[in-house]
Amino acid sequence: MMDMKGRIAALIADALSRCYPQASGLPSVTEVQDFLEIPPEKEMGDYAFPCFKLSKVLRQGPPQIAAALSGAIRAPELCEAKPLSGYLNFFFNRENFARETLQTVLVAGARYGSGTEGVGKTICIDFSSINIAKRFHIGHLSTTMIGHSLRRIYDFLGYTTVSINHLGDWGTQFGKLITAYKRWGNREDVERGGVEALTQLYVRFHDEAEKNPALEDEGRAWFKKIEDGDPQATEIFNWFKALTLRDTQRVYDMLGISFDSYNGEAFYNDKMGRVVDELKEKNLLTISDGASIVDLEESGMPPCLILKKDGATLYATRDIAAALYRMDTYHFDKCLYVVAYQQDLHFRQWFKVVEKMGYPWAKDLIHVAFGMISYEGQTLATRKGHVVYLEDLLNRAKEKALEIIRDKSPELENKEAVAAQVGIGAVIYADLQNNRIKDIDFWWDRALNFDGETGPYVQYTHARCCSVLRKAPKQGMPSGANDGATSNYGGLCDDYAQELLRLLSRFPQAVREAAARYEPSMVTRALTEIAKSYNKFYYENRILDAENGVREARLGLTLAVKQTLQTALFLIGMDAPERM
RNA sequence: GCACCCGUAGCUCAGUAGGAUAGAGCGACCGCCUCCUAAGCGGUAGGCCAUGGGUUCGAAUCCCGUCGGGUGUGCCA
């Protein structure tokens, strides 16, 4: 079934050709569809066609054009067209719109809004990318949640996705860490303390190294051993890595996140010669102050450093090596890097280098940048303890949710499980609520606020839908296209129901825009609008004790809302509790 | 200095491939549970869309300048 917008565009195009048979340069159906907009006020209709642009072609004032077109459009079963100050405003036939929208949503069910446009296309998403021996804190929340949500959104549209946790597992800091461990650590304490214990060792190293600079050399020596594959160094290093992944996995489990690949810096260590060779071969490498660079002056950027004076590689080298590997391995159509905007220049530089290497897919490398996070107005500082660990945040959010449940729903059975869904949901929602480029200043009271437009609000609305549906009579529950016999769609013609139907009908488009703009917040916003609209509908209309037929129609709408909310929640990485 | 990003209500933000009278949440104040989940709903108050030009029938939205803020800017990642 063609959507309403397309059908209205077809009506307009047809009316244009009949009203102005002599005119040339009339817009096509698709052009008309692009002109169509949603009026600012509901009283102005469901769609509006602005006639200003046609004024020149048709040598007529916009109001005259609108009037002529409205006279030529006769489709009462679909909509009415009324001219108003240069616009042609379309008012849906409400009953028809309700029937069509509801049946579309209910037939699609959990797949409403999904698509197949991505079938056969692969998208690599590089996100979260934790550092070994460092605790997961709120600074990692955005990359993790944006990446995870994008993954679900692209999956929903039929793409094959590859989620990649590009581990920060290479560098002299690991030599220093081994030094600290050998001097002051022991197996049991570190095994028990996990990443926190490693962090303490690292801090101690820095304190002691200020007094005793020889420690730096010792650290470098241990790192050299890692590089050379020394068995003891490798064993300790791999153990640190396993400890970090073990601790981090607890958080990933709470968030429901998994990765297809953990290939990080260490993995690419032996794959960088190819990059250097290729750059040399293509005459892109020049020596400057002893370092090997790719000059980017003609692109208006500082040069991209490939090799240090001492011949060591740099992170641009590693990123290029990883991109080449991923193209060879996954044949991606796009490769997304969900990384903070601080690294914007870095990405623009090495993307340009890949382009200069002659790879047409350089244009498919996308830096999905997001804003900085600060804590109570100040930069996060792990050393000073000015930091919020993700695990602590999620646990406190769970506790807060549990308190509220004990207060408001003392009879709820699985309180702990629901509290986890709600508390964690609040954190996820807050992170994906606004455009990703916005900076976030973290405050505990804000993070733990569950009133207003928050995660709990949308989950609450979902639970409310579930509650209504549970109490509905078993018979006559609408489930799809064949419920026309029992549902009276006249019961969905009020402004509240219509607004809700409008939002439901636009949901698939919202998912696509979110994908096109790498912007999960567009799904969050659609989700919130639907929830708000349902709560208003719910207060203005009786559902269960409405008359026969109307009750079924409103239950159908409730089911459609419930399913769409559930889908939208899933797409941003939240759970949808049925009771709370 | 240069580059990128951002300036919309007291606070946090929607709205930007131009469209009609600029919206929401929080905070403040006032209401609504004998009724399907009050984690809800309604109302009041709160705006020179940073600023000056330009393009246009029409600009918060596009272009140029200015001011303010953030980030980055050759051997860390």
Side-chain angles (χ1 to χ4, degrees), chain A residues 34-35 37 39-41 44 48 50 52-53 55-56 61-62 84-87 89 129 131 166 168 170-173 265 288-293 300-316 318-319 339-349 369 371-372 374 401 404-405 407-409 412 422 426 430 433-435 437-441 443 445-446 449-461 463-472 521-522 524-525 528-529 531-532 534-546 551 554-555 558 579-580:
Chain A
D34 286 342
F35 288 158
E37 55 193 58
E41 300 294 330
M44 296 170 177
F52 309 97
K53 289 187 172 90
S55 210
K56 275 182 186 164
L84 179 64
S85 57
Y87 288 89
N89 291 345
S129 301
N131 293 314
H166 188 84
W170 199 252
T172 50
Q173 70 268 29
E265 295 173 1
S288 168
D289 295 338
S292 299
I293 65 164
M301 287 186 279
C304 185
L305 277 274
I306 299 296
L307 292 175
K308 296 202 279 190
K309 201 162 18 184
D310 65 5
T313 55
L314 286 140
Y315 68 133
R318 202 173 300 264
D319 276 337
V339 179
Y341 67 59
Q342 279 98 322
Q343 297 201 38
D344 173 69
L345 178 60
H346 163 68
F347 282 105
R348 285 190 298 134
Q349 284 179 311
M372 298 206 332
S374 51
I404 295 175
I405 289 170
D407 179 42
K408 296 184 191 263
S409 310
L412 189 68
V422 173
Q433 182 175 26
N434 295 137
N435 288 348
I437 201 65
K438 293 283 177 185
D439 290 339
I440 295 175
D441 190 19
W443 291 81
D445 56 353
R446 227 182 276 164
N449 171 38
F450 290 1
D451 296 323
E453 288 182 10
T454 59
Y457 174 86
V458 284
Q459 288 175 322
Y460 177 82
T461 309
R464 177 178 258 181
C465 288
C466 291
S467 174
V468 173
L469 293 167
R470 270 195 304 273
K471 292 178 178 165
S521 66
M522 302 193 73
T524 314
R525 223 162 281 133
T528 307
E529 291 303 311
K532 284 167 80 166
Y534 183 79
N535 284 322
K536 290 180 185 179
F537 165 80
Y538 177 90
Y539 260 80
E540 296 298 327
N541 294 290
R542 300 299 303 170
I543 300 168
L544 294 174
D545 42 10
R551 177 179 57 239
R554 288 180 181 162
L555 279 168
T558 300
R579 300 173 199 254
M580 60 186 273

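Below, all heavy atoms of this structure are taken into account, side chains as well, without hydrogens, waters or symmetry copies. What you see is a predicted model; the values in this text were computed from it and never measured. Throughout, protein chains are lettered first and strands after them, A, B, ... in sequence-line order, and every chain is numbered starting at 1.
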| said: Are the side chains of Asp344(A) and Gln349(A) in contact, using a 4.5 Å heavy-atom criterion? | reply: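 A side-chain contact under 4.5 Å is absent here.
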
I'd like a table of atom pairs between the protein and nucleotides 1-6 of chain B - only N or O on both sides, under 3.5 Å - with the distance next to each one.
from  : atom 1 : to        : atom 2 : distance (Å)
A3(B) : O2'    : Arg348(A) : NH2    : 3.1
C4(B) : O2'    : Asp344(A) : OD2    : 3.3

| field | Derivation and outcome, side-chain hydrogen bond (donor to acceptor under 3.5 Å, both in side chains), residues Asn434(A) and Ser521(A) | value | CA-CA 6 Å; Asn434(A) 295 137; Ser521(A) 66; over 6 Å; no

State which of [options] makes the closest approach to the side chain of [X].
| X | options | answer |
| --- | --- | --- |
| Tyr460(A) | A39(B), C76(B), C36(B) | A39(B) |
| Met44(A) | U21(B), G19(B), C35(B) | U21(B) |
| Arg542(A) | C35(B), A39(B), G19(B) | C35(B) |
| Gln343(A) | A77(B), C75(B), G23(B) | A77(B) |
| Ser467(A) | C36(B), G74(B), U71(B) | C36(B) |
| Lys309(A) | C75(B), C36(B), A77(B) | C75(B) |
| Lys536(A) | G15(B), C41(B), U12(B) | C41(B) |
| Leu314(A) | A20(B), A77(B), U37(B) | A77(B) |
| Ala463(A) | U37(B), G74(B), C36(B) | U37(B) |
| Lys532(A) | G74(B), C36(B), A24(B) | A24(B) |

To the nearest angstrom, how far is [X] atom [atom1] from [N] atom [atom2]?
| X | N | atom1 | atom2 | value |
| --- | --- | --- | --- | --- |
| Asp407(A) | A38(B) | CG | P | 14 Å |
| Asn89(A) | G19(B) | CG | C1' | 12 Å |
| Gln459(A) | G40(B) | CD | P | 12 Å |

| task | Return the minimal non-hydrogen interatomic distance between Arg551(A) and Leu544(A), and the atom names on each side. | result |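 Taking every non-hydrogen atom into account, CD-O, 3.1 Å.
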
| Can you check whether Tyr457(A) stacks with the G40(B) base, using ring centres under 5.5 Å and planes within 30°? |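 Stacking between Tyr457(A) and G40(B): absent.
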
| said: Using the ring pair (Phe, Tyr, Trp, His ring centres under 6.0 Å) criterion, which residues pair with Tyr539(A)? Sequence neighbours excluded. | reply: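 Tyr539(A) satisfies ring pair (Phe, Tyr, Trp, His ring centres under 6.0 Å) with no other residue.
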
| request: Let me have RNA chain B in dot-bracket notation, would you? Count Watson-Crick plus G-U wobble pairs, both distances under 3.5 Å, and use [ ] for pairs crossing earlier ones and | for inter-strand partners. | output: (((((((..((((.....[...)))).(((((.......))))).....(((((..]....))))))))))))....

| task | Name the residue closer to the 5' end of RNA chain B, choosing between Glu453(A) and Lys53(A) according to the nucleotide with the nearest heavy atom. | result |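 Upstream on the strand: Lys53(A).
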
| field | Given RNA chain B, 5'-ward residue of the pair Arg318(A) and Asp441(A), judged by closest heavy atom | value |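 It is Asp441(A) whose nearest nucleotide is closer to the 5' end.
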
| query | Which way is the base of C33(B) turned, syn or anti, if we draw the line at 90° from 0? | reply |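 Chi for C33(B) falls in the syn range.
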
| note | 5' to 3', nucleotides 27-33 of chain B under a 4.0 Å protein heavy-atom cut-off (B base, S sugar-phosphate only, - none) gives -------

| query | Taking only residues two or more places apart in sequence, or in another chain, which ones meet Ile543(A) in a side-chain contact (heavy atoms from CB on, under 4.5 Å)? | reply |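 Counting only residues at least two positions away or on another chain, Ile543(A) forms a side-chain contact (heavy atoms from CB on, under 4.5 Å) with Val468(A), Tyr534(A), Phe537(A), Tyr538(A), Arg554(A), Leu555(A), Thr558(A).
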
| Ser288(A): what forms a side-chain contact (heavy atoms from CB on, under 4.5 Å) with it, not counting sequence neighbours? |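 By the side-chain contact (heavy atoms from CB on, under 4.5 Å) rule, Ser288(A) matches Ile293(A).
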
| task | Please work out which of the three classes, parallel, tilted or perpendicular, describes the rings of Phe52(A) and Tyr87(A), given edges at 30° and 60°. | result |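 Taking Phe52(A) first and then Tyr87(A), their aromatic rings stand perpendicular (interplane angle over 60°).
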
